[in-house]
Protein chains: 2
Amino acid sequence: MTTAARPMRADARRNYERLLAVARDAITEHGAEVSLDDIARRAHVGPGTLYRHFPNRDALLAAVLADWAEELRRQGDELVADPDPAGALDRWLHLLLGHLGTYRGLAAAILASAGDDESALGHACQPMHDTGRTLVDRARTAGTVRSELTAADVHRMVHGIALITENLPDRAAAADRMLTVLVAGLRPPPDAAAGH
Amino acid sequence: MTTAARPMRADARRNYERLLAVARDAITEHGAEVSLDDIARRAHVGPGTLYRHFPNRDALLAAVLADWAEELRRQGDELVADPDPAGALDRWLHLLLGHLGTYRGLAAAILASAGDDESALGHACQPMHDTGRTLVDRARTAGTVRSELTAADVHRMVHGIALITENLPDRAAAADRMLTVLVAGLRPPPDAAAGH
DNA sequence: ACCTGAACACCGTTCAAGT
DNA sequence: ACCTGAACACCGTTCAAGT
């Protein structure tokens, strides 16, 4: 569902598609905070046309990320079906961190929109958050995640790692080191292992 | 050293002090990304006067944070003198995280300025980074921090926790939970404990 | 030596006028 | 129904003119 199902005038549809393609390129090149004016200019439409199709930056991001979110949801479903709670969660966090590295500024945008029902981006990322909740809750029940942690805590920390590594020259390696720390730290301390 | 030692014309000094006081209030209220124009207006000076005293936002932040950085350096020195490597590092990370929560946007600003020699803020935070490096290196040598981690990794992760918690309603509690995860994850895995 | 504030090049956003 | 682009209220930053 890359495009809306509702019929659209031919020129409007062309503008919509062009804006989406241009936005994807612009965000790839300059990050999620790229100038909306710039996108409109590059798509050869007035700023008003961009706003007609995408009432705010979040809506545009949500549209650009539709396939991105769908792919993450699909892979998340597979992990939810995986019988190993600890392994599935670890793989999910790796997957999530990798996906968050797709565009600069992405982790910050998603973090800011999380839980905001008004935000199109928050809505687009709901399946992702649901997957995380399922996997964290299951791992906590299985005793491989500290009891005091919420799923939101864990997701937020992965977003944090994406945030603080996105401008590093050795981005991927640094992110891996930090995710290893996070994953190790999630485990309950040894003396509490039998408490559940 | 809240003010420069170089002599200054009386009216210039008044403007400097007023800008600093207004900036501190404005940053307390609206975060580190508050409008510089707004600060100039509230201090009853033209924007040019603000720029004359503080050539950019980083310079203003560095001036506002002078006492902040000094206090952190002082407490860091005490911890460097502490004979317990693991305990001193843990207390330092708690201290740092608490200090980063003083102003919204502070962690992001410091993170962006870290290692930039042109940045006044980067310069102001150098003692803080040095303290962290000393404490992390010592703990790593003592075998209580994973060998692959750099001091920058650890500091960055603390900044990340400050970043992702700064807008939460239960900011302090969430930050504590996350720091516990980080501190636990820093430890080398059990099977590598004897490797050093 | 320092201050002032107009001016510039940008933003995001809105909206009256067009087709 | 949709597009256009001028207009508005903001930015950060610079600089010629004042004192």
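Just so we're on the same page: letters track the sequence lines, and every chain starts at 1.
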Rounded at 0.5 Å granularity, tell me how far OG1 in Thr131(A) sits from CG in Leu95(A).
10.0 Å

Run the salt-bridge test on Asp137(B) and Arg140(B) with the 4.0 Å N-O cut-off and return the result as yes or no.
yes

Would you mind reading off the distance between Asp37(B) atom CG and dG5(C) atom C1', rounded to a whole angstrom?
11 Å

Ignoring backbone atoms, test whether Arg41(A) places a side-chain nitrogen or oxygen under 4.0 Å from the OP1 or OP2 oxygen of dC11(C).
yes

Just checking Asn15(B): base, sugar-phosphate only, or nothing, at a heavy-atom cut-off of under 4.0 Å?
sugar-phosphate

Under 4.0 angstrom, heavy atoms only, what part of the nucleic acid is Arg14(B) near: base, sugar-phosphate, or nothing?
nothing

Whole Å only: how far is the CG atom of Leu50(B) from the P atom of dG5(C)?
14 Å

Please output the side-chain donor-acceptor pairs of residues 49-59 of chain B that fall under 3.5 Å, not counting sequence neighbours, one pair per line with the distance.
residue	atom	partner	partner atom	Å
Asn56(B)	OD1	Asp58(B)	N	3.3
Asn56(B)	OD1	Ala59(B)	N	2.9
Arg57(B)	NE	Ala32(B)	O	3.0
Arg57(B)	NH2	Glu33(B)	O	3.1
Arg57(B)	NH2	Val34(B)	O	2.1
Asp58(B)	OD2	Ser119(B)	OG	2.6

Among the nucleotides dT13(D), dC3(D), dG12(C), which one has an atom lying closest to any side-chain atom of Tyr51(B)?
dT13(D)

Nearest-nucleotide 5' precedence on DNA chain C, Leu36(A) against Gly48(B):
Gly48(B)

In whole angstroms, how far is the P atom of dC2(D) from the NE2 atom of His44(A)?
22 Å

Distance, rounded to the nearest Å, where Leu60(B) contributes CG and dG12(D) contributes C1':
13 Å

Show me the donor-acceptor pairs, under 3.5 Å and distance only, between side chains in residues 100-116 of chain A and residues at least two apart or in other chains.
residue	atom	partner	partner atom	Å
Thr102(A)	OG1	Trp68(A)	NE1	3.3
Thr102(A)	OG1	His99(A)	O	2.6
Arg104(A)	NH2	Glu29(A)	O	2.8
Ser113(A)	OG	Ala109(A)	O	3.4
Ser113(A)	OG	Ile110(A)	O	3.1
Ser113(A)	OG	Gly122(A)	N	3.4
Asp116(A)	OD1	Glu118(A)	N	2.9

Atom CZ of Arg52(A) and atom P of dT13(C): how far apart are they, to the nearest Å?
16 Å

Show me, range against range, the stems involving DNA chain D, built from at least 3 consecutive Watson-Crick or G-U pairs below 3.5 Å.
C:4-8 with D:12-16, C:12-16 with D:4-8

Between dC11(D), dG5(C), dG5(D), which nucleotide has the shortest distance from any of its atoms to the side chain of Pro47(B)?
dG5(C)

If the threshold is 4.0 Å, N to carboxylate O, is there a salt bridge linking Arg74(A) and Glu70(A)?
no

Are any of His53(B)'s side-chain N or O atoms less than 4.0 Å away from OP1 or OP2 of dC2(C)?
no

If you look at every strand shown and take non-hydrogen atoms under 4.0 Å, does Ser35(B) touch a base, only sugar-phosphate, or nothing?
sugar-phosphate

Report the distance from atom CD1 of Ile39(A) to atom P of dG12(C), rounded to the nearest whole Å.
9 Å

With a 4.0 Å cut-off on N to O distance, would you call Asp90(A) and Arg187(A) a salt bridge?
yes

Interatomic distance where CG belongs to Asn56(A) and C1' belongs to dT14(C) [whole Å]
14 Å

With a 4.0 Å cut-off, would you call Asp130(B) and Arg73(B) a salt bridge?
no

To the nearest angstrom, the CZ-P distance between Arg57(B) and dT13(D) comes to 8 Å

